[in-house]
Amino acid sequence: MAEVPPFTYTEMLPLGADDMVELLSKFNERMREVATREKVGFIDLPALLEEQSDLYYDGIHFNENGARAAARSIASELAARVFASSPAE
């Protein structure tokens, strides 16, 4: 069976890499605004994983190491929020 060459999703879109970064930034900002308005928690993964491009297999989606890093970051944020809101003993 012939091997399929790797590609990035940005090759399929009319957007360039810089445009995609801007789009994702706007999306995250909108999610932050909605979370604030609705008074729900928001974990800004791009901010937590900033400057770690080796965590993505196509610039957008996590590879295995990225999924692990995201899980650790989310768990850490949730634990901090839960313990911060727990009554003092």
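- Considering only heavy atoms from C-beta on, Tyr56 stays 4.5 Å or farther from His61 through its side chain.
- Annotation for Phe42 and Arg81: closest pair O-NH2, 2.8 Å, computed over non-hydrogen atoms.
- Taking both residues in full, the closest heavy atoms of Asp54 and Asn63 are given as O-ND2, 2.8 Å, listed atom of the first, atom of the second, then distance.
- Nearest heavy atoms, Ala69 versus Leu55: CB-CD1, 3.9 Å.
- Residue Ala67 comes nearest to Phe62 through the heavy atom pair N-CB, 3.6 Å, listed as atom of the first residue, atom of the second, then distance.
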Sequence neighbours left out, cut at 3.5 Å: what donor-acceptor pairs do the side chains of residues 22-29 make with other protein atoms?
residue : atom : partner : partner atom : Å
Glu22   : OE2  : Lys26   : NZ           : 3.1
Asn28   : ND2  : Leu24   : O            : 3.3
Glu29   : OE1  : Arg32   : NH1          : 2.5

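- Closest heavy-atom contact between Gly41 and Ala35: O-CB, 4.1 Å.
- Ser73 and Leu48 get closest at one heavy-atom pair: CB-CD1, 4.0 Å.
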